[in-house]
Amino acid sequence: MNLDAAFLTALLLSTLRQTTPLLLTALGGMFSERSGVTNIALEGILLFGALTAAVVVERLEAALGPGPHPWLPWVGVLAAMGVGGLVAFVHALVSIRYRADQIISATALNLLALGAPSLVLTYFYGNATSSKEVANRLPLLLGLSPLVYLAFLLVPVAWWVLFKTPFGLRLRAVGEHPEAADTLGVNVHRMRYVGVVLSGVLAGLAGAYLSIGFLNQFVRGMSAGMGFIALAAMIFGNWHPLGILLSTLLFGFASALAIQLQGTEILPAVLVQAFPYVVTVLVLAGFIGRSRPPGAVGKPYEK
Amino acid sequence: MRADSRRLGLLVLLGGGLTLLLWYLAPWAVPHRLFGGEGVLLNPFGHHLPTGGLPHGYRDAWLFPCFSLALAWLLLSLGLPWRAGPRGLYLAGALGLGLFLLTYLLFQRSVAEVNWGAERPLLRRYSLGLGSYATLGYSLYLLLLARVYSPGGLAFLVRRREVVVPLFSLLLASLLGGAMVAVLKESPGTAGSLREALMLKLDLVTYAYQLLYSPLVNPSGFLQSLLLATPLIFTGLSVALGFRGGLFNIGAPGQLILGAIAAMLVGVYLPGPRALVLPLAVLAAALAGGLWGALVGWLKARFGAHEVINTIMFNYIAASLFLFLISANEYKFLGHTLYLPFKYPGYEARSYEVRPEARIPLWTDLLAPGGELSFALPLALLLGLLGYLLVRRSLGHRVLAAFLLGTAGYAVGGLLPGIPVSFGPDLTSVRLNGAFLLAVLALFFFHLYVFRTVGGYELRAMGLAPKAAEYGGVPPGKKAVLILFLSGALAGLAATHYVLGGGIDEYRLKQSLPYSVGFDGIAVALMGQNTPLGVGLAAWLFGILLTGGLQVNLQLGISRELVAVLQALVVLFIAAGGFLPRYFTDPLRAAEVELREEAARG
């Protein structure tokens with residue numbers, strides 16, 4: 001093993017890149033769960049976001065003709081956020097208005113994200129597994145995508161919103177004790193809709209990062225369980241922005257390590273790829289006892 | 001009562017209007033269809049006839065009289081409900097059914113006339129169109145309204161909510177799926193006007209669904225649907241068992257992978273006689289899947305780790321393990337080299353072939369070994385069932401009797417002389433195998449365990465009221481481990497179909513192992529409402545759709561994933577109770593409805 005400087009730099013940059021989608025998604029999941037709704041559909045929303053960003057940018061490129069369009073990827077990002085919010089809204093509608101089991105509702109959306117992209121890809125590109133490559137991907141700032149900086153910037157913002165604003169107080173109240181919040185005049189359902197949609201918007205953003213920031217096309221199954229890992233990181237991070245930052249950094253480091261070890265003779269790549277998942281299992285087993293989820297999470301509220 | 005009858009009239013009017021619209025827009029019959037979906041569309045308001053028009057000699061004189069009759073019937077039905085009440089609706093519905101039958105017979109006859117002694121290629125790809133199906137749909141709708149609006153009708157529906165909610169969800173999903181097909185696929189053929197364009201679209205959607213359900217009327221498609229249903233029965237039961245015990249097992253894919261690995265290990269590396277190796281291989285699959293599930297249960301019981309995320313993580317870990325075993329034989333660990341014996345030489349990631357002794361026979365070998373229809377299996381099943389039904393003692397005695405009589409039946413049936421039969425190549429090419437019988441046995445096991453034993457009672461108690469079950473003496477941790485063990489074992493058994501039964505055309509572990517059927521099990525369990533009969537039927541339904549999906553892809557170029565999308569939508573809609581009123585999902589409110597109707601009837 002020769003851990004030289006180049007290896008370490010690459011590992012560090014890779015850690016930041018791998019952490020970004022997890023961090024965005026986990027922060028989103030935090031808003032949703034703090035409002036009292038579990039959202040394991042984040043995995044599917046990541047895929048929908050990634051698909052939307054890639055297809056929107058590629059289609060616009062085809063319509064606008066050649067030439068660099070620096071604003072184009074941002075349209076893709078916005079579209080991905082919109083679609084992410086929309087899919088999350090469906091989850092919110094079914095689980096808040098129709099009081100469905102939140103895990104089943106979200107699983108349905110995850111199943112949808114396994115099938116629907118193929119239909120869309122077949123329609124546009126004639127193959128069911130990947131989109132065409134886009135020419136205008138997100139730009140790089142000092143070697144990293146701007147979304148990387150944005151994700152890390154969102155940590156203090158999320159902290160401030162959650163703990164220093166009336167909105168954050170209401171959101172937490174609704175997730176902790178909806179009856180009490182309702183008595184005080186907080187609209188429980190509306191706060192929950194906002195929380196869930198916010199999680200979808202952030203997961204959609206993370207999806208856009210995957211398809212037009214990290215790569216330059218949509219590939220089937222490209223989220224590879226990141227949505228679930230983000231959820232585990234959120235639990236590990238105790239539903240707190242700073243905790244989430246630390247835990248996603250740990251998972252990001254695990255994934256980065258897996259990538260950096262590929263092709264070396266240190267460990268076989270197929271096994272190292274399982275590393276983040278094993279870490280998740282260990283984390284859930286070892287630390288969940290200490291964390292405390294929001295009191296009303298997973299339960300439909302009825303006046 | 002007044003408001004009720006007005007509402008009924010409105011509902012009839014709505015259905016009638018929709019039917020009329022469909023009659024006007026959609027084709028009534030498609031006597032001929034080209035490859036690619038372009039059809040000769042017949043409609044009483046003017047035909048859309050591409051490429052040469054009607055097939056030579058085809059007569060469509062039946063169309064207009066049929067339409068006039070149907071119109072008279074529709075007007076009658078619109079006038080009836082205010083006066084005659086449910087009885088009139090029953091009559092109208094029955095008349096409509098008769099009318100549809102008449103249309104069907106006349107259409108079949110005119111097709112048969114053309115084909116009779118024809119010199120040109122026969123008409124093969126013909127079918128009724130959406131217009132005719134609208135007649136059928138409206139008749140059924142009227143019958144349903146009649147039932148609902150007769151006394152106690154709502155209670156009747158609410159009592160059957162386990163059927164109503166999934167079917168209604170399927171209907172909604174199909175409508176949405178149809179809309180998606182209409183948007184995503186250009187209609188074949190050229191339209192001259194807006195009405196023609198709509199006609200082509202409606203025909204396209206109808207054709208897609210006809211293809212999707214075509215395995216119902218086509219023998220090889222039928223067998224293929226059973227083949228595809230086999231793993232779904234196992235994974236559906238796996239998820240359903242978890243649900244019954246209040247646990248959500250999303251880990252069926254991983255448990256299936258572990259089952260497949262174990263089945264391969266025994267099947268390839270354990271020499272011995274068939275009577276020993278085959279059962280051992282099957283048991284190994286169940287055991288491995290079960291242990292993989294039980295591990296998650298243990299993590300939950302011991303550390304409180306939630307099973308949902310853990311089962312998902314275990315899926316990914318299992319997939320890595322699977323690739324590790326069969327994608328290479330040589331790995332480097334910290335500079336040391338590790339050699340594995342599992343991968344078959346060559347480019348493809350696959351294991352060695354399972355020995356012949358460990359293979360589950362194909363259906364042809366079970367039903368007609370050596371080209372002679374054998375009585376062994378039917379007799380064994382018949383006697384087994386009789387044994388179970390006739391012995392009237394404890395469950396253990398009944399199962400034992402069924403087993404003994406079944407074995408006897410198998411032995412006696414094997415001695416009887418067989419009848420020589422031969423199957424066409426389209427039938428023998430379907431790789432339906434004995435794993436299907438295992439799946440049916442698993443359905444029985446599920447029923448007996450969950451609904452007829454103390455353990456099953458405890459399991460259901462845990463699912464319905466975990467705290468009450470705990471106070472009643474059910475140890476929740478141990479029970480969770482057991483539930484996930486059984487659940488994983490069922491998922492692991494699904495692997496026998498692929499590895500030992502040759503379900504994916506080879507008797508070995510391959511990278512193309514479709515382990516995502518573990519996720520499809522969620523849809524199957526929900527559609528089947530966690531009952532064995534429901535799971536069996538739902539698995540079969542999805543088997544049909546998956547088989548039909550191949551046809552849709554082949555003939556219309558629509559991605560097979562359409563079926564996956566339909567499944568996902570069904571799950572979503574069932575989760576939301578089919579968007580039906582609350583009393584269809586909430587047992588307390590359902591009871592309220594029943595009591596109210598009881599009181600109203602006096």
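Lettering of chains follows the sequences in order, A, B, ..., and the numbering in each one begins at 1. Note that this is a predicted model, so its numbers are computed, not measured.
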How long is the straight-line distance from [atom2] of [Y] back to [atom1] of [X], given to the nearest 0.5 Å?
{"X": "I309(B)", "Y": "Y277(A)", "atom1": "CD1", "atom2": "OH", "value": "13.5 Å"}
{"X": "H306(B)", "Y": "L284(A)", "atom1": "NE2", "atom2": "CG", "value": "10.5 Å"}
{"X": "Y123(A)", "Y": "M180(B)", "atom1": "OH", "atom2": "CE", "value": "14.0 Å"}
{"X": "F243(B)", "Y": "D101(A)", "atom1": "CZ", "atom2": "CG", "value": "7.0 Å"}

* **Those residues of residues 85-99 of chain A, ordered by number, that approach chain B below 4.5 Å (heavy atom to heavy atom)** => V90(A), V94(A), Y98(A), R99(A)
A side-chain contact here means heavy atoms from C-beta on lying under 4.5 Å apart; do [X] and [Y] qualify?
{"X": "V571(B)", "Y": "T107(A)", "answer": "no"}
{"X": "I250(B)", "Y": "I40(A)", "answer": "yes"}
{"X": "F519(B)", "Y": "L111(A)", "answer": "yes"}
{"X": "I229(A)", "Y": "Y316(B)", "answer": "no"}
{"X": "V281(A)", "Y": "L299(B)", "answer": "yes"}

[X], part contacting chain A, at a heavy-atom distance under 4.5 Å:
{"X": "F333(B)", "result": "both"}
{"X": "F573(B)", "result": "neither"}
{"X": "V181(B)", "result": "neither"}
{"X": "I312(B)", "result": "side chain"}
{"X": "L572(B)", "result": "both"}
{"X": "L184(B)", "result": "both"}

* Asked: Is K343(B) atom NZ crowded by more than 12 heavy atoms from other residues, nucleotides or ligands, each under 6.0 Å away?
  ->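 More than 12 heavy atoms, drawn from other residues, nucleotides or ligands, come within 6.0 Å of this atom.
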* Asked: Among residues 317-324 of chain B, which ones touch chain A with a heavy-atom distance under 4.5 Å?
  -> I317(B), S320(B), L323(B), F324(B)
* Structure fact -> Closest non-hydrogen atoms of A575(B) and I104(A), given as atom of the first, atom of the second and distance, are CB-CG2, 3.8 Å
* Asked: L114(A) and E561(B): which non-hydrogen atoms are nearest, and at how many Å?
  -> O-OE1, 4.0 Å
* Structure fact -> Interface check, chain A: of S559(B), A564(B), A523(B), most non-hydrogen pairs under 4.5 Å belong to S559(B)
